[in-house]
Amino acid sequence: MTRLRRLRKNDSIRNMLQESRIQISDFVYPLFVIEGNNIKNEIKSMPDVYQMSIDNVLRECEVLKKLGISHIILFGIPSIKDSIGSSALSSNSIIATAVRAIKERFDDMIISVDLCFCEYTDHGHCGILDSNGNVDNDKTLEILARQAVILADSGADIIAPSAMMDGQVKAIRDSLDSSNFINTLIMSYSTKFASAFYGPFRDVANSAPSFGDRKTYQQNPSNRNEAIRESLIDESEGADILMVKPALNYLDIVRDIRETSLLPLAVYNVSGEYAMLRAAKNAELIDYERMLLEIMISFKRAGANIIISYHSKEVANLI
Ligand code: PBG
């Protein structure tokens, strides 16, 4: 008889044989930066997640550092939106300004920046529209490349393109390299599903599309092979880190990509996943802390190296 039970005999043996672990250096904390001063707006569906002006973002970075969290990803909420998202194309954009301010105070903070246009366009789509109201892939590549250079120049360590335009990683890599930002990394949202789980995020980031949806550029949740191909294409275009988003209901894809690529792999534990768990906690339906850690370990077990999560601060307090 094989006696697996003896491997679980006591805490120290279980600990020695533990196959996956979470540590705080795995975590990336998302921050939503809004123009203005002294602003901290809580979002109804996402308790403890705020839109913050730069002064409050700096205060938050202080808190994060104390918790041992040294990697953030920034999203911008500009005051002016137009059809081509021009406010993202200036070195005084909300995110470029935030990156400079954070780097000045916390030079060892790793800063990723979300690279997309949905937060900056008045129609809420991820790029420039053509005359039929469809996103013009190739025109959008040009502005993504420009936005990437502006953010690299402001001091961002990692550019995280999430617009899902074909060829975006190559376009961004080429423009970073030709502007001499050869050491700026690209963490591509390489496998990004068209998901209902982004709902609460779009409230925080004011980025819901004003018409239509994102199904032409985000992936069909039922397609496994296509999901893997999307990540492999981004690898071939020069991505440094791949990503699967959302996380929880796509762990099969995380495992698939882990087994087909040797790049570091991130998961994005998105707003809807956070909202569900917090709602269940508030309703006192679950053992929240245990469930939270069990979810986090499942990301590591599936093969992720990096976890982008609104729960990062809670995790830091638990481990
Ligand atoms: C696009 C972007 C989105 C998210 C991250 N980057 C929204 C979308 O694609 O509609 C969602 C993140 C979340 O739900 O937490 N800029």
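Numbering of ligands and ligand atoms starts at 1, following listing order.
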Can you tell me which residue and heavy atom of the protein come closest to [atom], and the distance to 0.1 Å?
atom                    : result
atom 8 (C) of ligand 1  : R202 NH2, 3.6 Å
atom 12 (C) of ligand 1 : F201 CD1, 3.3 Å
atom 14 (O) of ligand 1 : S271 OG, 2.7 Å
atom 11 (C) of ligand 1 : K245 NZ, 3.1 Å

field: Aromatic ring proximity H311/Y274, centre distance under 6.0 Å
entry: yes
Shortest non-hydrogen separation from I102 to V57 and the atoms involved: CD1-CG1, 3.8 Å
- prompt: Does the side chain of Y50 come within less than 4.5 Å of I34's, by heavy atoms?
  reply: no
- prompt: Would you call I54 and E35 a side-chain contact if the rule is heavy atoms closer than 4.5 Å?
  reply: no
message: Just by distance, no angles: are the side chains of S162 and D114 close enough, under 3.5 Å, to form a donor-acceptor pair?
response: yes
message: Is a donor from one side chain sitting under 3.5 angstrom from an acceptor on the other, for E230 and S190?
response: no
[X] neighbourhood, listing ligand 1 atoms whose heavy-atom distance to it stays under 4.0 Å:
X    : answer
Y310 : 12 (C), 13 (C), 15 (O)
S162 : 1 (C), 2 (C), 6 (N), 16 (N)
C118 : 1 (C), 16 (N)
F75  : 5 (C), 6 (N)
E119 : 16 (N)

Could you tell me if any non-hydrogen atom of [X] lies under 4.0 Å from any atom of ligand 1?
X    : value
E273 : no
Y274 : no
K192 : yes

message: Does only the side chain of C116 get under 4.0 Å from ligand 1, or the backbone, or both, or neither? Count heavy atoms.
response: side chain
message: Quick check on the hydrophobic clustering: are M109 and V33 connected, directly or via other members, by side-chain heavy-atom contacts under 4.5 Å?
response: yes
Salt bridge R278-E314, side-chain N to carboxylate O under 4.0 Å: yes
message: Does the plane of the ring in Y310 sit parallel, tilted or perpendicular to the ring in F32? Use 30° and 60° as the thresholds.
response: parallel
